[in-house]
Amino acid sequence: MIERTRDKIPIIRSQAVAALSRLQNPLDASDDVISQYLALLSNDSSVYVTITIR
Amino acid sequence: MAQAAVGRAIAEVLRDCQKTFASHKRGIKTLKKIQKNEPEAFPKQFIPLINRLLIIFKREPSVERLIQFIITFATTPSNTADHADDVNASHNSSNGDDYDFALLLLSYLLEYTNVKEKAVRFRTCQLVAGIVNALSESAEIE
């Protein structure tokens, strides 16, 4: 799924983000899902994606 | 019930559920019943039927309704779906909900999340996201 968050089509990225939301571990500072979310928040060009993360 | 008859019965439910949200509750009940009566045939017949919708990229109301139905069906616990004739419900699921089908569906969908066709990637991710998020609090995801 994390690979899908780097998909070239934005709506797919946003679905992947939604799918990962249940798998994140807020207690772990270096959690893969959360790191990926943070990276996308700052760098993703698509509004679909950033809104889904929030 | 023969394999093909199971397939036809499932197809009929899926066809109805595309049309309106109102038919979903009934559809879930019907499918749960079929699933209970034909535990091996059910997944074999169900999965090929949803392949059709995986290739539609465009947002279409009937597809969205069907996706919502599949998510709800996969995540509805078997023992609460139908009280009336589930005499054995308490015997079968002593520790709560049974998510075997949801897991089966998830593993099938995950296989296809990396394909070339964007529609398939989109719809499989959409279904995985929907199922994973609709599972009850107690479900553990590994």
Side-chain angles (χ1 to χ4, degrees), chain A, chain B residues 50 53-61 63-77 96-97 99 101-142:
Chain A
M1 266 301 149
I2 294 198
E3 227 185 284
R4 284 307 98 223
T5 60
R6 296 190 263 266
D7 193 296
K8 64 182 183 184
I9 298 178
I11 200 170
I12 296 182
R13 290 201 296 275
S14 73
Q15 291 297 332
V17 164
L20 290 168
S21 71
R22 215 31 226 275
L23 300 170
Q24 58 188 309
N25 180 0
L27 305 170
D28 178 2
S30 58
D31 183 44
D32 294 328
V33 177
I34 297 189
S35 322
Q36 184 60 10
Y37 279 179
L38 292 171
L40 288 169
L41 265 178
S42 27
N43 302 327
D44 203 300
S45 50
S46 158
V47 166
Y48 276 133
V49 180
T50 48
I51 286 185
T52 312
I53 297 179
R54 285 180 222 277
Chain B
I50 63 174
L53 77 83
L54 296 177
I55 54 179
I56 302 180
F57 187 73
K58 204 162 169 239
R59 290 279 196 182
E60 290 269 340
V63 177
E64 309 310 319
R65 275 192 284 263
L66 198 47
I67 288 193
Q68 189 48 56
F69 175 70
I70 294 173
I71 292 171
T72 314
F73 171 69
T75 56
T76 304
D97 308 330
Y99 290 123
F101 182 70
L103 289 173
L104 192 79
L105 194 56
L106 277 177
S107 33
Y108 176 75
L109 295 169
L110 286 170
E111 265 182 66
Y112 289 104
T113 50
N114 291 326
V115 299
K116 268 177 133 175
E117 172 61 47
K118 65 179 180 187
V120 178
R121 289 203 309 273
F122 174 50
R123 294 299 181 185
T124 52
C125 286
Q126 189 184 16
L127 277 165
V128 170
I131 294 174
V132 158
N133 288 315
L135 291 173
S136 70
E137 292 294 318
S138 60
E140 281 169 26
I141 305 174
E142 292 180 30

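In what follows, every chain begins at residue 1, and chains take the letters A, B, ... in the order their sequences are listed.
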Discussion item. More than 12 heavy atoms of other residues, nucleotides or ligands under 6.0 Å from OH of B/Tyr112: yes or no?
Written reply: no

Worksheet item: What pair of heavy atoms forms the shortest contact from A/Gln15 to B/Ala129, and how long is it?
Response: O-CB, 3.6 Å

Response to the item:
Taken to the nearest 0.5 Å, the spacing of B/Phe57 CZ from A/Ile11 CD1 works out to 6.0 Å

Discussion item. Would the distance check show the side chain of B/Asn133 and the main-chain N or O of A/Ala18 forming a donor-acceptor pair, the cut-off being under 3.5 Å?
Written reply: yes

Discussion item. Quick check against the 3.5 Å criterion: does B/Arg121 have a side-chain atom that pairs as donor or acceptor with the backbone of A/Ile12?
Written reply: no

Worksheet, complete the sentence: Whatever's closer than 4.5 Å to a heavy atom in chain A on B/Ile131 counts as neither

